[in-house]
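Right, one structure below, let's go through it.
Along the sequence shown, the residues carry numbers beginning at 1.
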Amino acid sequence: MTDSKKGFVLFGASFLVLFLTWQYQTGIRVGDGAIKQQQVADLLIQGFPDFSCRYFGKDFDPTFRFLPMTIEKGDTMAHSYRGKCYYVFPFYYAAVQAPFALLFGRAGSFILSLISGLVCLAFLYEISKELHFRKSTRLFFVLFLLVGSTFSLFSTDMSEYILSIAGVTAGLYFLLLAEEEKGRETKVAILAGISFGLAAFFRQEVVLLAASLILSQVLFLPKRFRLLWFPAVFGVLFLLQAAINYTIVGHPFGSRGYLQSFSPKEFDPWIQLSFFWELIAFGHGSVGLIGAYPILLFTWKSIFKDSKIRIVFVGILLFILLSAALTSPKFWQGVLFGPRFLLTVTPILLLFAFHSLESLYTVGSKPLKVLAILAIGFSVLGACTYDVMYHKFTKSIVLENSELDSFAEKVVVYRRGSAMFPPNSFRTERMIFELPDETEFDVLLTGLYGSGIRRFTVVGAKDYYPKEKLVPKSSRFEIAEISFHKSPSIHLETVEIRPIPNRADLETLHESR
């Protein structure tokens, strides 16, 4: 079945649809996924081309002090620019999601990921043909990709990663094709540049990957001038993206540029070396690339077995080294299984690994074959374990959201450090604020009261905010407790406020009586 392109993609589609049905669970997400949901909702409500976020407290808080999780407060979700707020995730992803969200609602974003995953599978099939995979090898590869890696999870979740992975995989196919299509070098080099250029709109590390591949081409094919169309076309698309970014948010690297500017500037080689180990093996509770996929240790054969693989493979190695050296160690590199900063190249590396296993199967020693089977089994066990954990996590999020949705008032105030559901995560949209510090509680209350808000719900993680500390004290307002609720991980308290009359007001009231 998987020997034809149609069968290969249909096999993957069947599995991914079932996987999506299992993982979807109403589509509610928390953290990054929830912000991406909010981003596309804001885009649809405000209309193109306004990519700014909606903030209900803008009238009394023009500096966005109570906007949740801003860069200015040391978080990583939003920032302000020229009187507007923007999410740090690429607004191109929201723009691509928009038509799917209009047609299919919340599920539309997940359908977009599914389609992107199928595009990636189609190009992986084409690459396997270029590498002359046997039927059995191609079948085992797609089974491993779907069951033994995070590919299925990202192909069925709300993430811009899979769009980037699809673009990179297409670009790598065209680069491999350029090695033997000498009469069509210009055409395939242009297609490679377009594929990488579009992928870079969604993930910045693609810029580093493209640079690494260009350097590898210069090293191995310095006289193939027609291949220069690849960096030329990619460069034009990158400059176009930089111009759009600067026009909208004032930074050529978009909102991510602001996030990176808040990162530590000093370079510590020992910290970066530790980060490299984390990227490759293990660190901070996350397994790295080789840690998650030990089968990649067999890809060294690819360097010697096929010259066209060598150029791509060496480019990817350069990309890994540069990523470890240039990425800020402030950001957690992990995903559920394997490093998130290397997700764009994981499918092609796994394909190369199975390419190497073909020769191992025929001429390799028995101990090496056993090690390969154990490596494959380890990844399948690890990926399935994390898929189950993600399912359970999502289930707990859906339960938490349901309880919050049924209890909370129209206005919700999150205590800092608590898991946050954005406005669009509820059945009925809420007005969301974050209290960065107790000393600013009165400032927030003054703004809310001036906007006609008398009642709201305070939410805090129960481990940090017990009932007696959940609602801070106020020197300007009387706070009446209306109701309290405790869910598995958060405390919720609905309160009502009214100003405390000052002494002059009390004396005037007494004299009038």
Seminar exercise, completed: Between the CG atom in Leu470 and the CD atom in Glu481, the distance rounded to the nearest 0.5 Å is 9.5 Å

Problem set entry | Geometric class of the His251/Phe253 ring pair [parallel <30°, tilted 30-60°, perpendicular >60°] | tilted

Problem set entry | Spatial distance of atom CD1 (Ile453) from atom CG (Leu448) [nearest 0.5 Å] | 5.0 Å

Exercise. Would you find a donor on one side and an acceptor on the other, under 3.5 Å apart, between the side chain of His79 and the backbone of Tyr258?
Worked result: no

Exercise. Taking C-beta and beyond as the side chain, do Ser80 and Thr63 meet within less than 4.5 Å on heavy atoms?
Worked result: no

For this session: Could you verify whether a donor N or O on one side chain and an acceptor N or O on the other, from Asp157 and Ser159, lie under 3.5 Å apart?
Result: no

Exercise. Could Arg415 and Glu434 be called an ion pair, given the rule that one side-chain N must be under 4.0 Å from one carboxylate O?
Worked result: no

Problem set entry | Residues Glu205 and Arg340 bridged, charged N to O under 4.0 Å | no

Exercise. Can you check whether Thr385 reaches Leu381 side chain to side chain, under 4.5 Å on heavy atoms?
Worked result: yes

For this session: Give the ring-plane orientation class for Phe123 versus Tyr173, where under 30° counts as parallel, over 60° as perpendicular and anything between as tilted.
Result: tilted

For this session: Could you tell me whether Lys486 and Glu493 make a salt bridge, using a distance below 4.0 angstrom between a side-chain N and a carboxylate O?
Result: no

Exercise. With distance as the sole test, does Ser418 use its side chain to make a donor-acceptor pair with the main-chain N or O of Ala461 at under 3.5 Å?
Worked result: yes

Exercise. Is the number of heavy atoms from other residues, nucleotides or ligands within 6.0 Å of OH (Tyr246) greater than 12?
Worked result: no

Exercise. Under 6.0 Å from the CH2 atom of Trp22, do we count more than 12 heavy atoms belonging to anything else shown?
Worked result: yes

Exercise. Within a radius of less than 6.0 Å around CZ of Phe100, do more than 12 heavy atoms belonging to other residues, nucleotides or ligands occur?
Worked result: yes

Problem set entry | Test item: side-chain donor near acceptor, Asp32 and Tyr87, under 3.5 Å | no

Problem set entry | Face-on cation placement of Arg430 at Phe421 ring, 6.0 Å and 45° thresholds | no

For this session: Would you indicate whether Lys410, at its atom NZ, is surrounded by more than 12 heavy atoms from other residues, nucleotides or ligands within a distance under 6.0 Å?
Result: yes

Exercise. Between OG of Ser155 and CG of Leu121, what distance do you get to the nearest 0.5 Å?
Worked result: 6.5 Å

Problem set entry | Pair Thr494-Thr457, side-chain donor/acceptor within less than 3.5 Å | yes

Seminar exercise, completed: Correct closest heavy-atom pair for Ile432 and Tyr55 would be O-CE1, 4.3 Å

For this session: Check whether the ring centres of Tyr86 and Phe51 lie less than 6.0 Å apart, and answer yes or no.
Result: no

Exercise. Which word best sums up how the rings of Phe378 and Phe337 line up, parallel for under 30°, tilted for 30 to 60°, or perpendicular for over 60°?
Worked result: tilted

For this session: Please work out whether the ring planes of Phe8 and Tyr125 are parallel, tilted or perpendicular, with thresholds of 30° and 60°.
Result: tilted

Exercise. Mind checking whether Thr346 and Leu296 have side chains closer than 4.5 Å, heavy atoms only?
Worked result: no

Problem set entry | Ring centroid separation His485 to Phe407 under 6.0 Å | yes

Exercise. Can you find a pair of side-chain heavy atoms, one from Gln97 and one from Gln39, that are under 4.5 Å apart?
Worked result: no

Exercise. Does some side-chain heavy atom of His491 sit less than 4.5 Å from a side-chain heavy atom of Tyr464?
Worked result: no

Exercise. How many angstroms lie between CE in Met77 and CD1 in Ile71, if you round to the nearest 0.5 Å?
Worked result: 10.5 Å

Problem set entry | side chain to side chain contact (heavy atoms under 4.5 Å, CB included) between Lys462 and Ile490, intermediate numbers included | CA-CA 5 Å; Lys462 70 176 186 179; Ile490 57 176; 5.9 Å; no

Problem set entry | Note, Val249 side chain near Phe91 side chain (heavy atom, < 4.5 Å) | yes

Exercise. Would Glu496 and Arg454 pass as an ion pair if we require N to O under 4.0 Å?
Worked result: no

Exercise. In Å and rounded to the nearest 0.5 Å, what is the NE2 to CE distance from His391 to Met389?
Worked result: 13.5 Å

Exercise. Minimum heavy-atom separation for Phe202 to Val96, with atom names?
Worked result: CZ-CG2, 3.8 Å

Exercise. Which atom pair, heavy atoms only, marks the closest approach of Asn401 to Ser425?
Worked result: ND2-O, 3.2 Å

For this session: Looking only at non-hydrogen atoms, find the nearest pair between Ile348 and Leu172 and report the distance.
Result: CG2-CD1, 3.7 Å

Problem set entry | Which atom of Cys120 lies closest to which atom of Phe151, heavy atoms considered | SG-CE1, 3.8 Å

Problem set entry | Test item: Leu10 and Lys6 side chains (from C-beta on) under 4.5 Å apart, heavy atoms | yes

For this session: Kindly confirm or rule out a cation-pi arrangement of Arg138 over Phe141, judged by NZ or CZ under 6.0 Å from the six-membered ring centre and within 45° of its axis?
Result: no

Exercise. Hey, what's the ring geometry for Phe477 with Tyr449, parallel, tilted or perpendicular (30° and 60° as the breaks)?
Worked result: tilted

Exercise. Is the shortest side-chain N to carboxylate O distance from Lys36 to Glu160 below 4.0 Å?
Worked result: yes

Problem set entry | side chain to side chain contact (heavy atoms under 4.5 Å, CB included) between Gln272 and Trp277, worked out | CA-CA 9 Å; Gln272 295 299 143; Trp277 177 253; over 6 Å; no

Exercise. Do Asp442 and Ser474 have side-chain atoms, one donor and one acceptor, less than 3.5 Å apart?
Worked result: yes

Exercise. Judged by atom type as modelled, is there a donor-acceptor pair below 3.5 Å linking the side chain of Lys58 to the main-chain atoms of Gly83?
Worked result: yes

Exercise. Under 3.5 Å, is there a donor-acceptor pair linking the side chains of Ser286 and Glu278?
Worked result: no

For this session: Return yes if some donor-acceptor pair links the side-chain N/O of Glu478 with the main-chain N/O of Ile497 below 3.5 Å, else return no.
Result: no

Exercise. Is a side-chain donor or acceptor of Ser379 paired with a backbone partner of Ala292 at a separation under 3.5 angstrom?
Worked result: yes

Problem set entry | Short side-chain donor-acceptor distance under 3.5 Å, Ser487 and Glu403 | no

Exercise. Between CG of Leu139 and OG of Ser128, what distance do you get to the nearest 0.5 Å?
Worked result: 11.5 Å

For this session: Could you tell me whether the side chain of Ser52 reaches within less than 4.5 Å of the side chain of Gln46, counting heavy atoms only?
Result: yes

Seminar exercise, completed: Here the pair of heavy atoms bringing Ser149 nearest to Leu350 is CB-CD1, 4.0 Å

Exercise. Does the ring center of Tyr24 lie less than 6.0 Å from the ring center of Phe110?
Worked result: yes

Problem set entry | Atom NZ of Lys467 with >12 non-hydrogen neighbours under 6.0 angstrom | yes

